[in-house]
Visitor: 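Starting off with a structure, shown below.
What you see below is based on every heavy atom in this structure, not just the backbone, and it leaves out hydrogens, waters and symmetry mates.
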Amino acid sequence: TGNSKEALALYDELLKKDSSNFEALYEKGMLYTQMKDTVSAIAVLEKSYYRQPVLQNGLALASLYAETRNSKVLALCDALQQRDTARDFTDPVFLKGVYYSNIKDYPKAIALFDEAIGRDWRFIEPYIEKGIIFFEQKNYDEALKTFQFATNISYTNSDNYYWMVRCYEAIGKKDEAIDYYYKALAFDKNFTEAKEAIKSLKSK
């Protein structure tokens, strides 16, 4: 219901009775994540993973490490991958790629995104992250190819359309940009950036 303070109080009450309750710690950490309190989220998820190192809390923690450019993500993802004897688990590979992308080590990031795609070609996030790297490098043709291919995997992903728009804007194709902004809005009605961008492009 959005009452975060009361929820935190309830988790604290549970943890007073049993400080080893890794599930309560995980849920509390995810609540901090929703509240945009990343520092607290990491601290609590670290406790959860220490109590019981399972994939659920490990991936949540690794995601925050990757987004905050914390190199701890590498060892954590390696530990998670060691349990994957079939080599079909993509998330740890992907999150290491996100980390390298965030620190702008693009060759390592692309190699890891390609590895994640090789493990599961239907996993759309590595395509988007790879396309963003090409965009940052001003390689708009390669970025567009990557985003366009991703639409074959998930036609409803608004983030993918958003980045296609950024490419069309960068190469001066206003009509295509507006068209794809509308597509992004079709799948995410709350995409305020798209609404504002359409008005801006139409006024030019």
Side-chain angles (χ1 to χ4, degrees), residues 26 29-30 32-34 36 38-39 41-46 48-50 52-168 170 180 184 187-188:
Y26 166 77
M30 297 309 293
Y32 275 130
T33 302
Q34 286 181 343
K36 311 295 184 187
T38 305
V39 173
I42 288 174
V44 175
L45 287 170
E46 283 177 337
S48 177
Y49 187 75
Y50 177 78
Q52 186 68 44
V54 296
L55 288 176
Q56 185 182 41
N57 53 23
L59 286 176
L61 180 57
S63 179
L64 292 178
Y65 280 158
E67 291 301 332
T68 55
R69 301 179 180 87
N70 189 328
S71 61
K72 287 182 180 179
V73 67
L74 301 176
L76 176 54
C77 285
D78 285 344
L80 295 173
Q81 280 183 263
Q82 285 176 1
R83 306 175 196 177
D84 179 29
T85 54
R87 289 181 54 81
D88 59 2
F89 193 40
T90 58
D91 293 77
V93 178
F94 169 70
L95 290 172
K96 285 195 287 187
V98 172
Y99 165 75
Y100 280 117
S101 179
N102 284 337
I103 65 169
K104 301 190 184 305
D105 189 338
Y106 293 142
K108 284 184 180 178
I110 288 176
L112 286 160
F113 292 143
D114 284 341
E115 183 181 343
I117 290 167
R119 291 180 177 221
D120 182 2
W121 66 269
R122 296 163 298 180
F123 186 22
I124 192 171
E125 281 78 5
Y127 295 98
I128 295 176
E129 293 294 334
K130 188 177 173 181
I132 292 171
I133 289 175
F134 290 134
F135 179 86
E136 294 292 338
Q137 294 175 326
K138 299 186 180 350
N139 188 348
Y140 303 121
D141 288 340
E142 200 61 38
L144 269 173
K145 285 180 188 176
T146 306
F147 295 132
Q148 286 166 344
F149 186 84
T151 62
N152 297 324
I153 299 166
S154 176
Y155 188 72
T156 61
N157 190 294
S158 60
D159 286 340
N160 194 46
Y161 289 121
Y162 170 77
W163 282 102
M164 289 177 75
V165 168
R166 295 286 304 275
C167 290
Y168 283 123
Y180 278 98
F187 300 114
D188 185 356

Visitor: Would you say the side chain of Tyr49 lies within less than 4.5 Å of the side chain of Leu45, judging by non-hydrogen atoms?
Guide: no
Visitor: Under 3.5 Å, is there a donor-acceptor pair between the side chain of Asn102 and the main chain of Thr68?
Guide: no
Visitor: For Leu95 and Leu59, which heavy atoms make the closest approach, and how far apart are they?
Guide: CD1-O, 3.9 Å
Visitor: For residues Ile117 and Pro126, report the shortest heavy-atom separation together with the two atoms involved.
Guide: CG1-CB, 3.7 Å
Visitor: Looking only at the aromatic ring of each residue, does the gap between the centers of Phe149 and Tyr127 stay below 6.0 angstrom?
Guide: yes
Visitor: Using 0.5 Å steps for rounding, measure from the CE atom of Met164 to the CG atom of Asn157.
Guide: 11.5 Å
Visitor: Considering non-hydrogen atoms only, spot the tightest contact between Leu112 and Gly97 and give its length.
Guide: CD1-N, 3.7 Å
Visitor: So which atom in Ile153 and which in Arg122 form the shortest heavy-atom distance, rounded to 0.1 Å?
Guide: CG2-O, 3.2 Å
Visitor: Compare every heavy atom of Thr146 with every heavy atom of Gly131, then report the nearest pair and how far apart it is.
Guide: N-CG2, 3.8 Å
Visitor: In Å, rounded to the nearest 0.5 Å, how long is the span from CD of Gln56 to OH of Tyr26?
Guide: 4.0 Å
Visitor: Taking Arg119 for its side chain and Thr90 for its backbone only, find out whether a donor-acceptor pair lies under 3.5 Å.
Guide: no
Visitor: Using a 3.5 Å distance criterion without hydrogens, assess whether the side chain of Ser63 forms a donor-acceptor pair with backbone atoms of Ala60.
Guide: no
Visitor: May I ask you to test the Val98-Phe113 pair for a side-chain heavy-atom distance under 4.5 Å?
Guide: yes
Visitor: So Lys145 and Phe134, do their side chains get closer than 4.5 Å, heavy atoms only?
Guide: no
Visitor: Identify the two heavy atoms, one from Ile124 and one from Ser154, that lie closest to each other, and give their separation to 0.1 Å.
Guide: CD1-CB, 3.4 Å
Visitor: Could you point out which residue of Tyr168, Trp163, Phe187 forms a ring-ring contact (aromatic ring centres under 6.0 Å, His included) with Tyr180?
Guide: Tyr168
Visitor: Under the side-chain contact (heavy atoms from CB on, under 4.5 Å) criterion, do Lys130 and Asp114 qualify, and how do the steps go?
Guide: CA-CA 8 Å; Lys130 188 177 173 181; Asp114 284 341; 2.6 Å; yes
Visitor: Applying side-chain contact (heavy atoms from CB on, under 4.5 Å), run through Thr38 and Thr33 and close with a yes or a no.
Guide: CA-CA 6 Å; Thr38 305; Thr33 302; over 6 Å; no
Visitor: Kindly say whether Tyr155 contributes a backbone atom to a donor-acceptor pair with the side chain of Tyr161 at under 3.5 angstrom?
Guide: yes
Visitor: In sequence, state the C-alpha distance, the side-chain angles, and the governing distance for Glu115 and Lys96, and then conclude on side-chain contact (heavy atoms from CB on, under 4.5 Å).
Guide: CA-CA 11 Å; Glu115 183 181 343; Lys96 285 195 287 187; over 6 Å; no
Visitor: Check whether any side-chain N or O of Ser48 sits under 3.5 Å from a backbone N or O of Val44 as a donor-acceptor pair, and report yes or no.
Guide: no
Visitor: Ion pair present between Lys72 and Glu46, side-chain N to carboxylate O less than 4.0 angstrom?
Guide: yes
